[in-house]
Amino acid sequence: MYIARIAQNIVDPAQAILGYQELITEEVREAGPSDALPDLERILSAARELNTLIKRLLDIETPESGNAPSLDRLLRHDLRTPLNAILGYSEMLIEDFADTLPARLLEDVSKVIRESRNLLAQIDETLDGSPPDADQEFQPKFDGTIAADLARTMATRSSAVTERAGRILIVDDTASNRDLLSRRLRRDGHTVVAASSGEEAIRIFDQQEFDLVLADILMPDMNGIELLGQLKSDRHFREIPVVMISGLKDDDAVARCIEAGAEDYLRKPINPVLFKARIAACLERRSWRTREKQYLAQIEFEKERANALLHAILPKQVVKRLADGEEVIADRIDMVTIIFADIVNFTEFAARTPAAALVRRLGDLFSRFDELADQYGIEKIKTIGDAYMAASGLLDPRLDHAVAGVAFAKALLAEMSGRVDDGSALTLRIGIHSGPVIAGLIGRKRFVYDVWGNTVNVASRMESCGAPGQIQISQATFDAIGEGRMPARREIINIRGIGRCTTYLLE
């Protein structure tokens with residue numbers, strides 16, 4: 001009874017499809033147009049294949065004999081392959097030859113399409129086990145007002161999807177499916193490449209780039225879900241959207257595809273209008289994702305550039321503290337060494353030097369000072385006109401802060417002695433003092449990390465009371481150097497605002 005019910009539902013529509021198609025093909029062979037014959041032959045071949053499959057179905061014994069899986073596959077998948085070809089080529093035939101085929105033949109082609117869709121409905125009815133009209137009397141009537149509103153919305157709403165051409169890979173083991181999909185996509189302006197298996201698709205991916213993949217689910221060797229899994233597990237291909245296509249009416253299969261990363265799921269036979277809309281939507285989403293990645297990359301680039309600029313302005317420790325949420329950066333450091341280096345007679349030099357040349361030379365000089373500061377582990381504080389201020393042991397406390405500060409000062413003098421860029425030699429006067437300071441970040445515009453306290457004032461006085469080409473240090477710095485003190489000449493001088501002080505001119 002099970003086989004008889006199936007036969008009753010699908011044999012007659014299949015024979016009607018073949019009969020109509022034979023008549024259409026014979027008439028076109030005799031009267032033309034000859035350009036329509038290739039598609040008609042494809043439809044006729046698919047109709048014959050459909051009837052052969054149904055004959056095989058009639059030869060299958062009842063499911064209780066152990067042939068249920070074979071019967072299920074034949075109904076769910078195998079019959080849909082020729083039906084998909086019949087519907088696809090028939091629809092394209094009407095699109096391509098609506099103006100050249102006689103009206104009678106166009107009507108016969110439409111009958112083939114109707115019978116094919118009826119046959120699909122009968123197959124679904126057989127698999128579902130309930131006639132299509134069983135619950136019809138219980139279906140609520142669709143509200144006319146809602147329908148009218150929907151119609152107005154669809155008529156007035158502009159399409160949100162902009163049609164764009166893309167590179168699309170079709171993966172299907174059935175030649176007619178590949179051909180139909182390729183022709184529809186090329187008609188819409190897309191570039192199409194077809195593969196007959198998952199393995200071939202993987203090889204093609206190694207050579208070409210694509211915007212979208214259309215993959216059949218039921219294929220030998222590697223099925224569509226396995227292919228999808230491979231693509232999504234590869235970082236080079238995981239961003240490419242994949243649309244799964246199958247004749248399976250199985251929610252579990254759809255769920256598995258979506259869980260594995262599929263962009264969409266289309267069921268065979270494919271409605272051409274729905275197919276075009278979904279392909280356009282997938283390509284549009286792909287385009288938006290690509291633009292989003294570009295915007296994110298640009299944001300990251302700007303963020304890195306801003307971060308680099310911030311690091312050029314502030315010490316890295318201060319930048320980190322700001323990033324961690326500190327709003328007030330202020331510290332008291334018990335012992336640091338402050339260095340002031342001032343260019344002697346710079347005012348007179350500036351008066352006789354063109355502006356561009358002056359700025360270039362000062363910029364080159366201070367850039368080299370910055371490099372030396374990094375080399376000796378010294379923190380640059382700021383430049384004040386032609387003066388360079390730095391600190392040793394400020395942000396990274398160190399016991400040898402005085403030794404490092406003096407070594408840095410000697411490196412500055414050596415740098416100056418080797419520079420005679422335009423025939424005008426410049427000389428530095430350097431002063432150093434060690435002691436406690438307060439350090440912090442101030443300002444909202446053109447903010448600066450600075451240090452304050454008597455130690456800064458004394459270091460500045462050491463510089464201003466020093467001698468050109470020499471380094472003058474205070475008693476505190478001399479004591480901080482400790483054993484192995486370098487040669488120095490001790491002096492007692494009267495410093496404005498401080499009084500009599502013991503200083504040392506390093507030799």
### Message
Checking the side chain of R286 only, and the main-chain atoms of P241 only, is there a donor and an acceptor separated by less than 3.5 Å?
### Response
no
### Message
Checking R29 against E41 for the salt bridge (Lys or Arg N to Asp or Glu O under 4.0 Å) test, could you report, in this order, the C-alpha distance in whole Å, the side-chain angles of both residues, the deciding distance, and whether it holds?
### Response
CA-CA 10 Å; R29 281 176 183 156; E41 295 287 357; 2.7 Å; yes
### Task
May I ask you to say whether K320 pairs ionically with D324, meaning some side-chain N is under 4.0 Å from a carboxylate O?
yes
### Query
Thinking salt bridges, do E95 and R184 make one under a 4.0 Å N-O criterion?
yes
### Query
Side chain of S90, backbone of L87: donor and acceptor closer than 3.5 Å?
no
### Task
Show your reasoning for whether salt bridge (Lys or Arg N to Asp or Glu O under 4.0 Å) applies to R183 and D39.
CA-CA 12 Å; R183 287 173 62 176; D39 282 349; 2.7 Å; yes
### Message
Using modelled atom types and a 3.5 Å cut-off, is there a donor and acceptor pairing between side-chain atoms of N51 and backbone atoms of A47?
### Response
yes
### Task
To the nearest 0.5 angstrom, please state how far the CD atom of E199 sits from the CD atom of Q230.
8.5 Å
### Message
Looking at every heavy atom in both L362 and G385, which two are closest together, and how far apart are they?
### Response
CD2-O, 4.2 Å
### Task
Measure across L283 and G166 and return the closest heavy-atom pair with its distance rounded to 0.1 Å.
CD1-N, 4.1 Å
### Query
How many angstroms lie between atom CG of N307 and atom NZ of K316, to the nearest 0.5 angstrom?
13.0 Å
### Message
Would you say that F447 contacts I442 through its side chain, given a criterion of any heavy-atom pair below 4.5 Å between the two side chains?
### Response
no
#### Entry: Y20 atom OH, over 12 foreign heavy atoms within 6.0 Å
no
### Query
Can a salt bridge be assigned to the pair D206 and R203 using a cut-off of 4.0 Å between side-chain N and carboxylate O?
no
### Task
Begin from the C-alpha positions of L119 and L50 and carry the test side-chain contact (heavy atoms from CB on, under 4.5 Å) through to its verdict.
CA-CA 11 Å; L119 181 51; L50 174 66; 3.6 Å; yes
### Message
If you apply the rule salt bridge (Lys or Arg N to Asp or Glu O under 4.0 Å), what do you find for R256 with E259, and how did you get there?
### Response
CA-CA 5 Å; R256 286 191 61 189; E259 289 171 358; over 6 Å; no
### Query
Has the side chain of H190 got a donor or acceptor atom that lies under 3.5 Å from a matching backbone atom of A165?
no
#### Entry: Carboxylate-amine/guanidinium proximity below 4.0 Å for R289 and E239
no
### Query
Are the side chain of K232 and the backbone of I240 linked by a donor-acceptor contact shorter than 3.5 Å?
yes
### Query
Does a side chain donor of either E302 or Q298 reach within less than 3.5 Å of an acceptor in the other side chain?
yes
### Query
Does G229 offer a backbone N or O that forms a donor-acceptor pair with the side chain of S233 under 3.5 Å?
yes
### Query
Can you tell me how far the CD1 atom of I17 sits from the CD1 atom of I86, to the nearest 0.5 Å?
5.0 Å
### Query
Just how far is it from atom OH of Y89 to atom CZ of R42, taken to the nearest 0.5 Å?
4.5 Å
### Query
Hey, is R178 close enough to D172 for a salt bridge, meaning N to O under 4.0 Å?
no
### Query
What pair of heavy atoms forms the shortest contact from L106 to F97, and how long is it?
CD2-O, 4.1 Å
### Message
side-chain contact (heavy atoms from CB on, under 4.5 Å) for D364 and R360? Distances and angles first, verdict last.
### Response
CA-CA 6 Å; D364 291 343; R360 183 168 55 251; 3.8 Å; yes
### Query
Nearest heavy-atom pair of L218 and D173: which atoms, and what distance?
O-OD1, 3.5 Å
### Query
F205 and H236: side-chain contact (heavy atoms from CB on, under 4.5 Å), yes or no, with the steps?
CA-CA 10 Å; F205 263 109; H236 294 101; over 6 Å; no
#### Entry: Side chain N223, main chain I225, donor-acceptor under 3.5 Å
yes
### Message
Under a 3.5 Å threshold, yes or no: a donor from one side chain and an acceptor from the other, between D370 and Y388?
### Response
yes
### Message
For the residue pair R291 and W288, would you count it as a cation-pi contact if the rule is NZ or CZ under 6.0 angstrom from the ring centre and within 45 degrees of the ring axis?
### Response
yes
### Query
Do Q21 and D108 meet the criterion of a side-chain donor-acceptor pair at a distance under 3.5 Å?
no
#### Entry: Side chain E200, main chain S196, donor-acceptor under 3.5 Å
yes
### Message
A quick test of your reading: do over 12 heavy atoms of other residues, nucleotides or ligands sit less than 6.0 Å from CZ of R114?
### Response
yes
### Query
Is a side-chain donor-acceptor pair under 3.5 Å present for D216 with N177?
no
### Message
To the closest 0.5 Å, what do you measure between CZ (F237) and CD1 (I202)?
### Response
7.0 Å
### Message
Between R285 and E263, does the salt bridge (Lys or Arg N to Asp or Glu O under 4.0 Å) criterion hold? Intermediate values first, please.
### Response
CA-CA 10 Å; R285 288 195 295 271; E263 187 82 7; 2.7 Å; yes
### Message
Contact between I168 and D211 at the side-chain level, heavy atoms closer than 4.5 Å - yes or no?
### Response
no
#### Entry: Residue pair W452 / A439: nearest heavy atoms and the distance that separates them
CZ3-C, 4.0 Å
### Message
For I279 and L214: C-alpha separation, side-chain torsions, deciding distance, then whether side-chain contact (heavy atoms from CB on, under 4.5 Å) applies.
### Response
CA-CA 9 Å; I279 294 300; L214 305 180; 3.6 Å; yes
### Query
Any Lys/Arg nitrogen of E91 or R187 sitting under 4.0 Å from an Asp/Glu carboxylate oxygen of the other?
no
### Query
Which atom names give the shortest non-hydrogen contact between V242 and A215, and what distance separates them?
CG1-CB, 4.4 Å
